[in-house]
Amino acid sequence: MTYSEGDGGVSGQSLMFAATPLNMRNHRLQWLFRALFGLMTLILVVPVGIIFGVLLVRGGPAISFEFLFSYPSDGMTAGGIWPALVGTMWLVAVSLIASVPVGVAAAIYLSEYAPDNWLTRGINLAIINLAGVPSIVHALFGVGAFVIFAGFGTSILAASLTLAVMTLPLVIVATRESLQAVPMAFREACWNMGATRWQTIRTVVLPNAISGILTGVILSVSRTAGETAPIMFTGAAFFFPFLPSSVFDQTMAMAMHLFVISTAVPGAPDELKYGTALTLITLVLLMNAASIWFRSYLRGKKKW
Amino acid sequence: MKQKTIAPWTTWKAALVEDTALAIDIQNVSLWYGDFQALFEVDLQVKRGSITALIGPSGCGKSTLLRAVNRMNERLGDYVRTTGEIHVLDQDILSDDVELSQLRRHVGMVFQRPNPLPLSIQDNVLFAHRIHRADEKFNKLEEDEIVENALRRVLLWDEVKDRLGREATGLSLEEQQKLCIARLLPVKPTVILMDEPTSALDPKATAALEELIWELHGDYTILIVTHNMAQARRASEETAFMLLGRMVEHGVTEQIFLAPQEEGTADYIEGRYG
Ligand SMILES: Nc1ncnc2c1ncn2[C@@H]1O[C@H](COP(=O)(O)OP(=O)(O)O)[C@@H](O)[C@H]1O
Ligand SMILES: [Mg+2]
């Protein structure tokens, strides 16, 4: 050890706090790790930036009022994306209506009511695994369950329900986690005053978990808007130049439309593809930004 | 029990001045957490309107005993098993036909860490009242009066009367703890259980709380767990000493501190265990 004690009046006050070789080593290590972690973050961020940049440069010029609000034309090699945009909104809305009540209710049950036993733990594990199921598997399930068995045919309803099943674990996990982030002390305070579980949930737990729940919901929206596989066989049409009038209609959708014009329409100009991709990604980013903003807004109001 | 309009409880002076009836009567209570026995045949009688301090080393079962009185241990389900008898105001509270919500209304609890709800000060005070009001209509005047009475009773009114709508979690710890007592009062509890209510507070706030607790007894029966010997001595009429899940000694505070009958009590009081 180079650490020396009380070295008298010779070296004086200034040396007492001088860096030792050990301090120097610690500083070097600290710098190294900081650089390492920073680099990893960069590796993560750069591709996202490049993708968005390329989309912006190549797709930007395509975006116009005309592009957003008109129908595809000339065998989908020209025109706009309006029916796909509207279709995506239908899919997102209907799947939210299906997944949010079920998901939030299930999460409340699992977090607030279910006893901590092997069955509950098994269900939680199953939900986490469900989140990892590839979307094409959900698609096949959707065809079997909703298109054929339930008799909905290829329709917005079948596609939305398939999407709902896919995003359900996201909603459940996000909700359960935000419920569990509400301090136990609040619940105990309520129970000790004679409140039932439900009174406690309604007056204290839910209001304080709402920001996390909404975040989960919005994340599931962006996932829903971006998925192709689950809707491909269940309700999204290759080309359907009408706006849907009910949930039993087929519909076009953004993700599907992008897939189609990129792979199945020979003469589609690149500009059209990049424009569609840019619109989709902007939609998703906007929703994520809204969720982040909303969460920090609600956090700011919380005092614990 | 059907509930009537709640009269301002400040006018509700329990007829307990000369009354020696028991508020809490714990007889032969044993309690298990799974296979672990936390309480062994505990007996404890608490007179109406008195303050009884419950002392003993950490882990001896004080909190467990306290939670047995409002049956809060049952939140853990079948894992907890209680035997013996507990009466509150001569009612058998372990009986199957006891409505827990009513029991907890009559037996309030104050915790170690102040735990006001993340609501406004006013809504905190009214929380229990609103839960138990059930069939009555909302009445702003009545509520305002309840809030004022409760906050005055805990000596908090003057400090917070201009910010009743603010978040209660923004108050100082002392104010929070007073609020946690105030919110019990609108439903007219008989017993208030306190589990180390001052251990998160600084000495000055502790003194203020002790004074308040002392001031409340008489109207309310108080069973208070404390780690602080000086506090037990200053602010209680009777003291009960527990060790390893058993009730070792219970008597008038003076006597417990000056002339303990059991060696364990003397050792603990003189600081020979933690
Ligand atoms: N939920 C529980 N499960 C198992 N053991 C518990 C539980 N709660 C308390 N205990 C045990 O019961 C004993 C008494 O605990 P407690 O009543 O909290 O003691 P005190 O309040 O006197 O410090 C301790 O040994 C503690 O470990
Ligand atoms: Mg304790």
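The structure presented is a predicted model; accordingly, all values stated were derived computationally and were not measured. Throughout, a chain's letter reflects where its sequence line sits, starting with A, and its residues are numbered from 1.
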Give a yes or no on whether [X] atom [atom1] has more than 12 heavy-atom contacts from other residues, nucleotides or ligands under 6.0 Å away.
{"X": "B/D78", "atom1": "CG", "value": "no"}
{"X": "B/R71", "atom1": "CZ", "value": "yes"}
{"X": "A/R121", "atom1": "CZ", "value": "yes"}

Interchain contact, [X] with chain A, by part (heavy-atom threshold 4.5 Å):
{"X": "B/R67", "result": "neither"}
{"X": "B/R183", "result": "both"}
{"X": "B/L193", "result": "neither"}

Would you say the side chain of [Y] lies within less than 4.5 Å of the side chain of [X], judging by non-hydrogen atoms?
{"X": "B/L117", "Y": "A/M193", "answer": "yes"}
{"X": "B/P116", "Y": "A/F186", "answer": "no"}
{"X": "B/P118", "Y": "A/V204", "answer": "yes"}
{"X": "A/E188", "Y": "B/M109", "answer": "no"}

To the closest 0.5 Å, what do you measure between [atom1] ([X]) and [atom2] ([Y])?
{"X": "B/R105", "Y": "A/N192", "atom1": "CZ", "atom2": "CG", "value": "15.5 Å"}
{"X": "A/N117", "Y": "B/Y79", "atom1": "CG", "atom2": "OH", "value": "14.5 Å"}
{"X": "A/T200", "Y": "B/I131", "atom1": "OG1", "atom2": "CD1", "value": "6.5 Å"}

query: Contact part of A/T203 toward chain B, heavy-atom cut-off under 4.5 Å: side chain, backbone, both or neither?
result: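 A/T203 touches chain B through backbone and side-chain heavy atoms alike.
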
- request: Work out which heavy atom in A/G194 is nearest to a heavy atom in B/S101; give both atom names and the distance.
  value: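 Smallest interatomic distance, heavy atoms only, reads O-OG, 2.8 Å.
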
- prompt: Which atom pair, heavy atoms only, marks the closest approach of A/W191 to B/R104?
  reply: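 Shortest heavy-atom contact: O-CD, 3.2 Å.
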
- prompt: Highest number of heavy-atom pairs under 4.5 Å with chain B: which of A/A189, A/A195, A/P207?
  reply: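 With the most close heavy-atom pairs to chain B, the winner is A/A189.
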
